2 protein chains.
Amino acid sequence: MSNPTIRINPRQEQIIRLVRSQGYVSNEDMAQQFDVAVQTIRRDIGFLAEQGLLTRHHGGATPNSTIENIAYNERQILNLKAKDAIGHCAASLIPDRSSLFINIGTTTEAFARSLGGHRDLRVVTNNLHVASLISGRPDFRTVIAAGELRPKDGAILGAAAIETLDSFRTEFGVIGISGIADDGTLLDFDLNEIQCARTIIRNSRRVLLLADHTKFSRQPMGRVGGLADLMI
Amino acid sequence: MSNPTIRINPRQEQIIRLVRSQGYVSNEDMAQQFDVAVQTIRRDIGFLAEQGLLTRHHGGATPNSTIENIAYNERQILNLKAKDAIGHCAASLIPDRSSLFINIGTTTEAFARSLGGHRDLRVVTNNLHVASLISGRPDFRTVIAAGELRPKDGAILGAAAIETLDSFRTEFGVIGISGIADDGTLLDFDLNEIQCARTIIRNSRRVLLLADHTKFSRQPMGRVGGLADLMI
DNA sequence: GACAACACGAACAAAAACGCGCAATCACGA
DNA sequence: TCGTGATTGCGCGTTTTTGTTCGTGTTGTC
């Protein structure tokens with residue numbers, strides 16, 4: 001029948017906890033910490049990875065925060081370094097205990113990843129990956145918008161999403177953009193995205209627009225607004 | 001059914017207390033502490049584990065955290081094999097091109113993981129992890145419910161979520177449950193969860209209830225419905 | 001592109017833990 | 001006092017876990 005006693009021993013449980021809290025731990029470190037041979041740790045890691053509880057690497061293991069891995073591995077992220085830097089910089093502008101919208105886009109996801117040091121934020125987002133990234137934070141209050149998912153980037157768009165976004169007012173709106181025209185006009189490809197961005201801008205006291213240099217060379221056709229709309 | 005005299009001797013009671021306070025205690029330590037042979041401790045541990053009062057391991061025992069206290073990460077690994085098997089089995093009942101609700105719970109997540117071979121499903125869910133799992137599928141149409149995220153398990157609950165769920169009718173409702181009473185009554189801990197489950201049941205042509213054997217030994221207090229509510 | 005250092009898996013051996021059967025002990029009432 | 005049944009301790013063969021060795025594979029550097 002089904003085995004009643006699950007085959008996970010205390011050490012393996014500790015390993016999961018350790019890896020999840022540290023991000024990356026080497027086999028050597030774990031062997032030392034638990035006072036067992038490296039080979040034993042390897043066996044544990046192998047077993048846990050087989051169960052899908054963490055990810056194996058040469059020399060150690062990392063947690064299996066599903067979405068982050070999907071984000072990095074399966075999706076092409078251009079200018080990762082620049083986006084991380086932008087996200088980090090933007091995050092430093094957000095004080096603890098603030099409320100904020102986070103819109104769709106890979107740059108806003110980088111921003112969300114940089115919120116690790118913040119506390120007690122209240123976040124409203126229509127970005128599935130952002131929601132996943134911060135979903136484990138017990139001190140955050142995270143609201144996700146309703147609606148249909150767009151597979152390619154985890155965006156939640158449409159009338160229902162706008163309705164959700166429209167029922168909140170926040171101190172910050174963090175949005176990305178597809179393109180910026182020479183005159184400062186903000187541009188996007190998709191009407192739904194544009195409407196969501198507008199809703200966020202309308203309901204935020206301040207707006208942080210995250211964009212790297214590539215946005216200046218693109219010229220989508222939809223108009224989100226002018227830079228003037230972002231002024232405080 | 002409930003046996004009137006369960007024989008738990010003082011030593012066994014002490015063992016439970018000790019394990020609960022220490023986290024992990026080796027059989028050797030306990031044998032020394034109670035001044036009995038290791039064999040006797042083994043018997044005690046075996047008996048107590050059988051009663052579900054603690055968890056047995058090679059060389060010792062750990063406490064059996066109560067359901068509410070089990071963190072999501074740990075819950076995820078409970079009965080992983082059984083949950084995968086259940087999920088796989090349930091997935092085989094779903095034809096391509098169906099529409100379905102997927103509720104919160106680790107078993108429903110296992111189910112979602114088993115949908116890899118399906119095509120063109122339309123899914124409505126209030127489970128962030130489920131949404132993430134299937135978000136990359138370009139042939140699926142995925143709708144996520146609105147509302148506040150519960151960090152411990154990625155559940156989206158509340159009035160907004162119910163409103164989203166209530167605006168769809170599907171062929172299948174896939175739900176988990178916290179406990180099943182002997183008379184078939186479905187039980188849950190949280191009022192919000194119960195309301196979501198009821199909404200899903202109401203709006204589904206057929207309901208698939210995913211539960212492993214551990215659900216029969218738990219007795220939460222909220223009533224979701226009877227097994228009769230699930231009949232086709 | 002080659003080499004050194006490190007990490008890995010497989011196989012084997014040692015150690016620890018386990019279960020079972022049986023005998024000794026204890027509790028308790030006839 | 002004796003018998004009965006439950007509990008405990010011990011011996012021993014079996015299973016599980018852990019450590020070690022060694023040939024192979026991977027990584028990083030020059």
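Note that this is a predicted model, so its numbers are computed, not measured. Below, chain A is the first sequence line, B the second, and so on; all start at residue 1.
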Rounded off to whole Å, could you give me the CE-to-P distance for the B:Met30 and D:dG9 pair?
15 Å
Please give the angle, rounded to 10 degrees, between the axes at the start and the end of the helix from C:dG1-D:dC30 to C:dA30-D:dT1, where five pairs define each axis.
30°
A:Arg11 has an atom CZ; how far is it from atom P of D:dT17, in whole Å?
10 Å
Let me know the distance between CG of B:Asp44 and P of D:dT7, rounded to the nearest Å.
10 Å
Using whole Å, what does the distance between atom C1' of nucleotide D:dG19 and atom CD1 of A:Ile41 come to?
13 Å
Hits for side chain to side chain donor-acceptor pair (under 3.5 Å) against B:Arg42, two or more places apart or cross-chain, chain-then-number order -> none
Between B:Leu210 and B:Ala90, the two heavy atoms sitting closest are CD2-CB, 3.6 Å
side-chain hydrogen bond (donor to acceptor under 3.5 Å, both in side chains) partners of residues 134-143 of chain A, not counting sequence neighbours, each pair once:
A:Arg137-A:Asp139, A:Arg141-B:Glu148
How about A:Glu193 and A:Ile104: do any of their side-chain heavy atoms sit closer than 4.5 Å?
yes
Once salt bridge (charged side-chain N to carboxylate O under 4.0 Å, His left out) is applied, do any residues pair with B:Glu13, and if so which ones, sequence neighbours excluded?
B:Arg17
Rounded to whole Å, the CD-P distance (A:Gln12 to D:dT16) equals 15 Å
Taking 4.0 Å as the cut-off, does a side-chain nitrogen or oxygen of B:Thr40 come that near to OP1 or OP2 on D:dG9?
yes
Check: protein-nucleotides 11-18 of chain C nitrogen or oxygen pairs below 3.5 Å:
residue : atom : partner : partner atom : Å
C:dA17  : O3'  : B:Gly59 : N            : 3.2
C:dC18  : OP1  : B:Asn27 : ND2          : 3.4
C:dC18  : OP1  : B:His57 : O            : 3.4
C:dC18  : OP1  : B:Gly59 : N            : 2.9
C:dC18  : OP2  : B:Asn27 : ND2          : 2.9
C:dC18  : OP2  : B:Arg42 : NH1          : 2.3

Whole-Å distance separating the CD atom of A:Glu50 from the P atom of C:dG9
11 Å
On DNA chain D, compare the nucleotides closest to B:Asp35 and A:Val36; which residue's is nearer the 5' end?
B:Asp35
By salt bridge (charged side-chain N to carboxylate O under 4.0 Å, His left out), B:Arg43 pairs with (sequence neighbours left out) none
Which residues satisfy the salt bridge (charged side-chain N to carboxylate O under 4.0 Å, His left out) test with A:Arg56, sequence neighbours excluded?
none
Could you note down all residue pairs passing salt bridge (charged side-chain N to carboxylate O under 4.0 Å, His left out) where residues 88-105 of chain A supplies at least one of them, sequence neighbours left out?
A:Arg97-A:Asp120
Would you mind reading off the distance between A:Ile45 atom CD1 and C:dA7 atom P, rounded to a whole angstrom?
14 Å
Pairs in or reaching into residues 123-134 of chain B: which pass salt bridge (charged side-chain N to carboxylate O under 4.0 Å, His left out), with residues at least two apart or in two chains?
none
